[in-house]
Number of protein chains: 2
Amino acid sequence: MSASHPLDLLVQSLSLRVPLSGTARDAILALPFTFRSLESSTYIVREGQPPEQCGVLVSGFAYRQKTTCEGARQIIALHLPGDAVDFQHLFLSISDHSVQMLTAGEVAFVPRSALQALVRSDPEVAKAIYTQIAVEASIFREWVLNVGRRQARERIAHVLCELGSRLDALGLAKRYGYELPLTQEQIGDAVGLTQVHVNRTLKEMTDEGLICRDKRRISFPDWRRMCEIAGFNERYLHMQPQMVG
Amino acid sequence: MSASHPLDLLVQSLSLRVPLSGTARDAILALPFTFRSLESSTYIVREGQPPEQCGVLVSGFAYRQKTTCEGARQIIALHLPGDAVDFQHLFLSISDHSVQMLTAGEVAFVPRSALQALVRSDPEVAKAIYTQIAVEASIFREWVLNVGRRQARERIAHVLCELGSRLDALGLAKRYGYELPLTQEQIGDAVGLTQVHVNRTLKEMTDEGLICRDKRRISFPDWRRMCEIAGFNERYLHMQPQMVG
DNA sequence: CGTAGTGTTGAGTCAAGTCAATGGTTGTGG
DNA sequence: CCACAACCATTGACTTGACTCAACACTACG
């Protein structure tokens with residue numbers, strides 16, 4: 001069941017949480033879009049600009065990002081294939097942060113007006129998209145906690161768990177082992193640490209057998225223990241179908 | 001034009017960003033609710049429970065909160081009179097965090113089903129509420145940056161600026177001086193520092209004339225400078241009316 | 001085979017945390 | 001109206017987790 005239509009993955013990822021009827025699926029697949037292949041680190045959304053298109057990741061990874069005026073970067077969220085990268089700005093007239101490609105990949109750009117029209121006309125799709133927005137907000141909240149109140153190793157373990165869980169939910173990898181799309185510097189930017197400290201902490205974790213690394217592949221011999229250390233509780237990902245309204 | 005109806009403040013706060021017609025206002029004011037006076041630190045939303053009511057702050061302040069398994073608390077957001085405290089869970093079947101009263105105050109509890117019905121039937125109100133959800137998400141993102149990438153004094157300055165700006169926008173106080181509803185411990189929990197370190201940092205800031213304190217009242221002799229130090233850029237609050245859709 | 005991007009490691013520093021004691025405020029009840 | 005309790009703020013001495021700077025090694029790719 002490989003995806004022939006670029007927006008297929010979006011439909012699949014939305015229906016993880018809100019079951020979609022055939023009509024709703026078709027309505028999404030009927031959205032207009034322009035398809036583009038992008039280099040790693042290309043901007044999909046730019047802070048300060050009006051968001052006119054909503055990018056949908058067809059392949060590759062992306063990340064949300066803000067920087068302080070001194071230039072320190074903070075990664076706010078990670079995005080996986082099937083994620084729509086700009087639902088967050090559907091109702092805002094100016095982007096308050098940027099989104100960039102993490103790896104090379106393909107993006108389907110849907111005009112925001114078309115998305116807004118669909119949301120107005122199809123309550124089922126609307127519900128799916130609002131749920132998605134709410135889940136993303138929940139992930140932001142967990143990140144505030146992660147970065148504000150956990151130690152280095154817990155923080156790092158936490159992003160690694162989140163990534164594993166989400167990749168697994170989409171069927172793109174197994175939670176206990178996957179190809180890590182982040183450099184150590186990017187991990188640092190995601191958890192509010194320096195690259196050097198991330199390196200040292202990863203080494204410790206490796207030495208203790210908590211994680212195994214081979215090139216960019218990372219795996220967790222004891223997923224349970226990993227979750228404990230991270231304080232990782234899947235609840236905030238709201239993976240179960242949401243029975244609401 | 002003092003608010004006789006408990007939901008008046010909600011209408012006012014929503015219409016800061018999305019202009020509301022008379023019909024839309026009336027629809028909101030017609031929502032059913034139960035009114036309650038609450039002690040400080042009472043729970044309005046409890047993590048792990050299904051969110052059946054959406055509390056609207058009529059008076060007093062509240063905060064969103066998550067804790068690590070070791071018991072460290074992180075405050076995720078602050079809520080002011082007029083804020084609906086649980087739009088975030090409108091589409092989620094289980095709460096992923098808690099909301100508590102920061103001060104004593106009054107809350108109007110609106111049944112979630114009524115809110116959902118209104119959102120389905122009135123596109124204007126729907127837009128206002130979705131915009132509100134998106135703005136809150138934007139605030140979460142800024143907090144990730146604040147806590148992840150700024151120094152102690154910048155972090156503290158940043159929450160103080162945000163609070164001032166928001167109080168000012170609602171007409172509840174002036175940005176450059178207001179009654180601070182937070183203890184130093186709560187400030188610490190909001191910015192990911194210890195109470196002791198917050199105390200020392202506030203002292204430094206006072207000594208340098210950056211802030212003035214008298215009991216719980218705080219003021220900023222040089223708002224500009226304060227914003228610079230905080231790296232505070234109002235954009236993320238999306239205060240201007242959102243011209244969208 | 002060279003170059004640019006990553007990853008690794010060491011030495012020294014510093015921002016923030018911990019522990020602990022003291023002082024000030026506020027509100028409450030006798 | 002005072003005394004007490006609970007909560008909050010202040011300060012000092014000491015520790016530590018994370019940062020900085022800097023050098024070097026590995027890998028991939030043209």
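In what follows, chains carry the letters A, B, and so on, assigned in the order in which the sequence lines appear, proteins first and then strands, with residues in each chain numbered from 1.
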- Query: What nucleotide among dA18(D), dG17(C), dA9(D) has an atom nearest to a side-chain atom of H197(B)?
  - Reply: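 Of the candidates, dG17(C) comes closest.
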
- Residue Q151(B), side-chain heavy atoms: nucleotide from dT6(C), dA28(D), dA16(C) that is nearest: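 Nearest listed nucleotide: dA16(C).
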
- Message: I want to know whether Y236(B) and H158(B) have ring centres closer than 6.0 Å.
- Response: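 When the ring centroids of Y236(B) and H158(B) are compared, they turn out to be within the sub-6.0 Å range.
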
- Task: For this output row, return yes or no: ring centroids of Y63(A) and H97(A) closer than 6.0 angstrom.
- Result: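 Y63(A) vs H97(A): aromatic centres not under 6.0 Å.
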
- Under 4.0 angstrom, heavy atoms only, what part of the nucleic acid is R213(B) near: base, sugar-phosphate, or nothing?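 Answer is sugar-phosphate: R213(B) comes under 4.0 Å of backbone atoms only.
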
- Message: Counting the atoms with a prime plus P, OP1 and OP2 as sugar-phosphate, which does R216(B) contact under 4.0 Å by heavy atoms, base, sugar-phosphate, or nothing?
- Response: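 If one applies the 4.0 Å heavy-atom cut-off, R216(B) turns out to touch the sugar-phosphate alone, with no base involved.
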
Value in whole Å for how far the [atom2] atom of [N] lies from [atom1] of [X]:
X: D207(B); N: dA9(D); atom1: CG; atom2: P; answer: 17 Å
X: R149(A); N: dA16(C); atom1: CZ; atom2: C1'; answer: 11 Å
X: E204(B); N: dA9(D); atom1: CD; atom2: P; answer: 17 Å
X: R153(B); N: dC14(C); atom1: CZ; atom2: C1'; answer: 16 Å
X: R217(B); N: dT25(C); atom1: CZ; atom2: C1'; answer: 19 Å
X: K203(B); N: dA15(C); atom1: NZ; atom2: P; answer: 17 Å
X: Q195(A); N: dC24(D); atom1: CD; atom2: P; answer: 17 Å

- Between dT10(D) and N199(B), is there an OP1 or OP2 to side-chain N/O distance shorter than 4.0 Å?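 Affirmative; the distance criterion is met.
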
- Of the options K203(A), Q184(A), Q186(A), E185(A), which is the one that meets V198(A) in a side chain to side chain contact (heavy atoms under 4.5 Å, CB included)?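 Testing each of K203(A), Q184(A), Q186(A), E185(A) against V198(A), the sole residue satisfying side chain to side chain contact (heavy atoms under 4.5 Å, CB included) is Q184(A).
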
- Message: For E228(B), give me all partners under side chain to side chain donor-acceptor pair (under 3.5 Å), at least two apart in sequence or on another chain.
- Response: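 Residues passing side chain to side chain donor-acceptor pair (under 3.5 Å) with E228(B): none at all.
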
Looking only at heavy atoms, which two atoms of [X] and [Y] are closest? And how far apart?
X: H89(B); Y: I94(B); answer: CD2-O, 4.1 Å
X: E106(A); Y: S59(A); answer: OE1-OG, 2.7 Å
X: S13(B); Y: L170(B); answer: CB-CD2, 4.0 Å

- Message: Please give me every residue in residues 183-194 of chain A whose heavy atoms get under 4.0 Å of an atom in DNA chain C, ordered by residue number.
- Response: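 The answer is T183(A), Q184(A).
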
- Task: Would you mind telling me which residue lines up with the more 5' stretch of DNA chain D, T201(A) or L182(B), judged by nearest nucleotide?
- Result: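 Upstream on the strand: L182(B).
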
- Message: If you go through the side-chain atoms of R200(B), does one of them form a donor-acceptor pair with the base of dG12(D) closer than 3.5 Å?
- Response: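 It does, because a donor-acceptor pair links the side chain of R200(B) to the base of dG12(D) below 3.5 Å.
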
- Message: On DNA chain C, does the nearest nucleotide to K215(B) precede the nearest nucleotide to L202(A) from the 5' side, or the other way round? Give the residue.
- Response: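 Mapping each residue to its closest nucleotide by heavy atoms, the 5'-most match is L202(A).
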
